[in-house]
Amino acid sequence: MNKGGNAGPLSEMFQRLLDTYGPQGWWPAESRFEMIAGAILTQAAAWRNVELALDNLRSAGINTWPAVDALPTGTLAELVRPSGYYNAKARKLKAFAAHVCEGYGGDLDRMFASDTETLRRELLGIYGIGPETADDILVYAAGKPSFVIDAYTIRILKRVGLAPVERDNYDGWQRLFHAGIPADAQVYNEFHALLDRHHKVACAKNAPRCHDCCLMDICATGTAAVVSSPVL
DNA sequence: GTCCAGCTAA
DNA sequence: TTAGCGGGAC
């Protein structure tokens, strides 16, 4: 038994990434409202475009869930247009607003008072909140340890040579992290942010820059890529 | 023109 | 399991 799970390959990765890039200071939003709205708006969209949508909401004075609750869906859709899928996303924002307003009088602290698993199930029951968005909200708004899995996370881990014990799906990958890293919201927060950073600077989907990658010596793909094509 | 990518509904 | 939802970057 290793001390607090600190000797496993995931903890090794975390330390390497932290030493290389430093703390990332996530979530990149101005307020808890913008954090949660951003988590919904960033579904299948680049954060750059989400910022344009958040700017529109801010300019329109929409900065609370009761304000979203009171806004017509069509008006909301026009404001969030830059993030794409704007009609669907307006409906999702309205669903979250209705939930927090009708169930908790618009008070997020009251909604987030329950334990991690209870809150996660509750979030997944809201229209438009799937596993990744639920975990974004749990870690970055509620401060609860529920590891965020995204396409970048899975791509980097597969290249390094790690895989879930069970199914190759969201829950399987999340269980891999929960088994290998102590349940600490701050650590989950930082690790996910570092994986995003690593994807941007080194482990991109196409043409990863394996030279000077900080994980090179523990990466199954990187070491092979040096002598062949760097594209997986 | 091609790529990117989470969720719902069927 | 797959189609539909849409924008912006390149």
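Protein chains get the first letters and strands the later ones, always in sequence-line order, with residue 1 at the start of each. We use all heavy atoms of the structure for the numbers below, so side chains are in, but hydrogens, waters and symmetry mates are not.
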Contacts under 3.5 angstrom, residues 60-77 of chain A side chains, donor-acceptor by atom type, not counting sequence neighbours:
unit_1  : atom_1 : unit_2  : atom_2 : d
A:Thr64 : OG1    : A:Ala67 : N      : 3.1

ask   = Among side-chain atoms of A:Asp150 and A:Thr153, is any donor-acceptor pair under 3.5 angstrom?
value = yes
query = If the P atom of C:dG8 is compared with that of B:dT8, how far apart are they to the nearest Å?
reply = 24 Å
Protein N or O to nucleotides 1-4 of chain C N or O, pairs below 3.5 Å:
none

inquiry  = Is it the case that atom CD in A:Glu78 sees more than 12 heavy atoms from other parts of the structure closer than 6.0 Å?
reply    = yes
Atom pair CG (A:Leu41) and CD1 (A:Ile36), whose distance is rounded to the nearest 0.5 Å = 12.0 Å
note = Contacts of A:Tyr152 meeting ring pair (Phe, Tyr, Trp, His ring centres under 6.0 Å) (sequence neighbours excluded), chain-then-number -> A:His199
ask   = Once you round to the nearest 0.5 Å, how far does CD1 of A:Ile154 lie from CG of A:Asp168?
value = 6.5 Å
message = What is the distance, to the nearest angstrom, from the NZ atom on A:Lys200 to the C1' atom on C:dC10?
response = 17 Å
note = For A:Ala185, the side-chain contact (heavy atoms from CB on, under 4.5 Å) test, sequence neighbours excluded, returns A:Pro145
ask   = Hey, what's the ring geometry for A:Phe177 with A:Phe147, parallel, tilted or perpendicular (30° and 60° as the breaks)?
value = parallel
message = Looking at A:Asp55 and A:Arg58, is there a salt bridge between them, counting it only when a charged N and a carboxylate O are closer than 4.0 Å?
response = yes
message = OP1 or OP2 of B:dC4 versus the side-chain N and O atoms of A:Lys205: is any pair under 4.0 Å?
response = yes
query = Between atom CG in A:Asn206 and atom P in C:dA9, what is the gap in whole Å?
reply = 18 Å
query = At what distance, to the nearest 0.5 angstrom, does CG of A:Leu194 lie from CZ of A:Arg16?
reply = 13.5 Å
inquiry  = Does anything in residues 132-150 of chain A come within less than 4.0 Å of DNA chain C? Heavy atoms only, and list the residues if so.
reply    = none
ask   = For residues 38-62 of chain A, which residues have at least one heavy atom under 4.0 Å from DNA chain C?
value = A:Ala44, A:Arg48, A:Asn49
task = Nearest whole angstrom, please: distance from the P of B:dC7 to the CG of A:Asn169.
result = 13 Å
Within residues 92-119 of chain A or reaching into it, pairs that qualify as salt bridge (Lys or Arg N to Asp or Glu O under 4.0 Å) - sequence neighbours excluded = A:Arg32-A:Asp109
key: Nearest-neighbour nucleotide for the A:Tyr152 side chain, B:dA5, B:dA9, B:dC4 considered   = B:dA5
query = By a strict heavy-atom criterion of less than 4.0 Å, which residues belonging to residues 117-127 of chain A are in contact with DNA chain B?
reply = A:Ile126, A:Tyr127
request  = Output all residues satisfying side-chain hydrogen bond (donor to acceptor under 3.5 Å, both in side chains) with A:Glu51, sequence neighbours left out; order by chain, then residue number.
outcome  = A:Trp47
task = Compare all side-chain heavy atoms of A:Arg91 with those of A:Tyr85 and state whether any distance is below 4.5 angstrom.
result = no
query = Mind checking what makes side-chain hydrogen bond (donor to acceptor under 3.5 Å, both in side chains) contact with A:Lys144, not counting sequence neighbours?
reply = none
ask   = If you take all heavy atoms of A:Met35 and A:Ala141, which pair is closest and at what distance?
value = SD-CB, 3.4 Å
request  = Using only side-chain N and O atoms of A:Tyr170, determine if any of them is under 4.0 Å from OP1 or OP2 of B:dC7.
outcome  = no
request  = Could you tell me which residues satisfy ring pair (Phe, Tyr, Trp, His ring centres under 6.0 Å) with A:Phe14, sequence neighbours excluded, listed by chain and number?
outcome  = A:Phe191
note = Contact check, residues 77-87 of chain A vs DNA chain C, heavy-atom distance under 4.0 Å, returns A:Arg81, A:Pro82, A:Ser83, A:Gly84, A:Tyr85, A:Tyr86, A:Asn87
